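All residue numbers in this chain count up from 1 along the given sequence. Note that this is a predicted model, so its numbers are computed, not measured.
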Amino acid sequence: MDDTRVIAIGRQERDWHVRFAAHLLDVFGDVDFSDWINRGFWPEAYLVHAVVSGENILGTVGATGMTFVFGDGQRREGLQLGSVATAVPERGRGYARLLMERVLTRAERQGRPVLLFANPDVADFYPRFGFRLLVPQRLVLPLAIAPRPSSWRQLDPGNAADCALLFRLCGENPPHGGALSALADATTILWYLCNGLATARISADGTVIAICAVDGDCLRVLEWLGPAPPDPGEALGAFVAAPVSWVEFGFVPTADWRIPAPDIIDDPDNLMFWHGPALPPGPLCFPAMQHT
């Protein structure tokens, strides 16, 4: 007897959390939700739609509720999709299509735009559902950063006070600029930190949390929560162990950053799909730490 059915896995469905994490590891090999889940960071805004059989997950589409901010200042509640994953033996049975149609039907009924990022292997899949392929952009500039002694300390996801500060600064942070942005979300940032994909540091006075990663000769400033630094070179020196020559911003920096205007470079390999209204003019650099 076929007991295949569709369920929704949210914060409260804890019996399914371990199975969900194992499912993604099986499909992707390097996407680990375990530490993030075990620390209790699964938010109410994250809902995973899943095809299951018995206690086995066959396919998933995760939907994160977030507030999109357009370049003209308009705000819209929407969804970002991720964890689109079908178990290898179950592929070709239409589970991904079933879940996508379920999610999009509900989003359209609620008037919510939908965003997702995908790899090139599935570039032809999402336009079938009305998604438009957009070309995001990278913001880079030559800027020499040398290691500097610093009083900034590393944020610890296991420290309740550090997490409380992160949630507070995310709530206070204004949206970044550009054609499409989103309000900062602490639980998404914590996923990256739990997986060791970036380093977060807290300023000595507790007014700023900065999240960066070093990529060869480039420092990637992924997120900056709080006032822009009066001396970017000095502040960013806390994040490098050796000199770097380039800085890349994972968001559109505001005018109060005392830096030259970054070069804006199309990034066609970073596939971004949008199901919603036309976007206003402006650079399209969706905040790096809000990619789900």
Side-chain angles (χ1 to χ4, degrees), residues 1-66 77-110 112 114-131 157-158 185-197 271 273 275 290-292:
M1 180 176 178
D2 185 6
D3 65 347
T4 301
R5 64 197 190 280
V6 177
I7 66 170
I9 305 171
R11 177 178 172 81
Q12 306 305 323
E13 286 69 42
R14 292 183 175 85
D15 289 347
W16 286 96
H17 289 180
V18 172
R19 299 171 198 151
F20 170 64
H23 166 70
L24 292 186
L25 273 176
D26 286 343
V27 173
F28 296 120
D30 59 353
V31 177
D32 192 351
F33 276 67
S34 300
D35 188 37
W36 182 78
I37 290 172
N38 292 338
R39 292 182 186 274
F41 295 144
W42 188 305
E44 294 290 347
Y46 186 50
L47 193 65
V48 175
H49 302 264
V51 177
V52 304
S53 177
E55 296 184 349
N56 299 314
I57 295 178
L58 310 181
T60 55
V61 172
T64 301
M66 59 176 49
E77 296 303 314
L79 296 174
Q80 185 178 173
L81 305 188
S83 305
V84 181
T86 302
V88 174
E90 308 298 332
R91 291 177 181 172
R93 300 187 180 185
Y95 294 151
R97 172 175 288 278
L98 171 68
L99 294 173
M100 288 294 298
E101 290 175 347
R102 175 187 175 97
V103 172
L104 290 175
T105 296
R106 181 174 301 180
E108 289 173 357
R109 187 166 58 244
Q110 297 170 342
R112 305 177 80 177
V114 181
L115 171 71
L116 66 84
F117 292 85
N119 64 65
D121 294 339
V122 291
D124 296 334
F125 179 66
Y126 296 108
R128 302 174 193 172
F129 302 95
F131 282 94
D185 177 72
T187 57
T188 304
I189 291 172
L190 284 164
W191 187 91
Y192 285 92
L193 300 183
C194 286
N195 281 276
L197 299 176
L271 301 185
F273 292 91
H275 194 288
Q290 299 310 316
H291 291 209
T292 65

(request) Measure the shortest side-chain to side-chain distance between His49 and Met100 over non-hydrogen atoms and say whether it is less than 4.5 angstrom. (result) no
(message) Rounded at 0.5 Å granularity, tell me how far CG in Leu104 sits from CZ in Arg112.
(response) 12.0 Å
(message) Working to the nearest 0.5 angstrom, can you tell me the gap between Thr4 OG1 and Glu90 CD?
(response) 7.5 Å
(request) Mind checking the NE2-CG spacing from His17 to Asn38? Nearest 0.5 Å is all I need. (result) 10.5 Å
(request) List in chain and number order the residues that pass ring-ring contact (aromatic ring centres under 6.0 Å, His included) with Phe273, two or more places apart in sequence or in another chain; answer none if no residue qualifies. (result) Tyr126
(message) Ignoring hydrogens, what is the shortest heavy-atom contact between Leu190 and Trp36? Give both atom names and the distance.
(response) C-CD1, 3.8 Å
(message) For Asp124, I'd like to know if atom CG has over 12 heavy atoms of other residues, nucleotides or ligands within 6.0 Å.
(response) no
(request) Measure the CZ-CG distance between Phe129 and Leu116 for me, rounded to the nearest 0.5 Å. (result) 10.5 Å
(request) For residues Ala96 and Thr86, report the shortest heavy-atom separation together with the two atoms involved. (result) CB-OG1, 4.1 Å
(request) Grab the two heavy atoms, one from Trp191 and one from Leu197, that are nearest each other, plus how far apart they are. (result) CZ3-CD1, 3.7 Å
(message) Just checking Gln110: does its CD atom have more than 12 heavy atoms from other residues, nucleotides or ligands closer to it than 6.0 angstrom?
(response) yes
(message) If you compare all heavy atoms of Leu271 against all heavy atoms of Pro120, which two are closest, and at what distance to 0.1 Å?
(response) CD1-CA, 3.5 Å
(request) Decide side chain to side chain contact (heavy atoms under 4.5 Å, CB included) for Val6 and Arg102; before the verdict, give the C-alpha distance in whole Å, the side-chain angles of both, and the deciding distance to 0.1 Å. (result) CA-CA 10 Å; Val6 177; Arg102 175 187 175 97; 3.5 Å; yes
(request) To the nearest 0.5 Å, tell me how far Arg39 CZ sits from Thr187 OG1. (result) 14.5 Å
(message) Nearest 0.5 angstrom please: Phe117 CZ to Thr292 OG1, how far?
(response) 8.5 Å
(message) Treating Asp35 as the side-chain partner and Asn195 as the backbone partner, does any N or O pair qualify as donor plus acceptor under 3.5 Å?
(response) no
(request) Output, in order, the C-alpha distance, side-chain angles, deciding distance and verdict of side chain to side chain contact (heavy atoms under 4.5 Å, CB included) for Val51 and Leu98. (result) CA-CA 9 Å; Val51 177; Leu98 171 68; 4.1 Å; yes
(message) For Tyr46 and Trp42, take the angle between the two ring planes, folded into 0 to 90°, and tell me which bin it lands in: parallel under 30, tilted 30 to 60, perpendicular over 60.
(response) tilted
(request) Take His275 and Glu108 through the side chain to side chain contact (heavy atoms under 4.5 Å, CB included) test and state the conclusion after the steps. (result) CA-CA 9 Å; His275 194 288; Glu108 289 173 357; 3.1 Å; yes
(message) So which atom in Arg97 and which in Phe125 form the shortest heavy-atom distance, rounded to 0.1 Å?
(response) N-CZ, 4.1 Å
(request) Compare every heavy atom of Ser83 with every heavy atom of Phe33, then report the nearest pair and how far apart it is. (result) CZ-OG, 3.8 Å
(request) Could you please spell out the steps behind the side chain to side chain contact (heavy atoms under 4.5 Å, CB included) verdict for Arg11 and Leu47? (result) CA-CA 8 Å; Arg11 177 178 172 81; Leu47 193 65; over 6 Å; no
(message) Taking the ring centre of each residue, are Phe20 and Trp16 less than 6.0 Å apart?
(response) no
Donor-acceptor pairs under 3.5 Å, side chain of residues 21-29 to any protein atom, not counting sequence neighbours: which ones?
residue, atom, partner, partner atom, Å
His23, NE2, Thr60, OG1, 3.3
His23, NE2, Ala85, O, 3.1

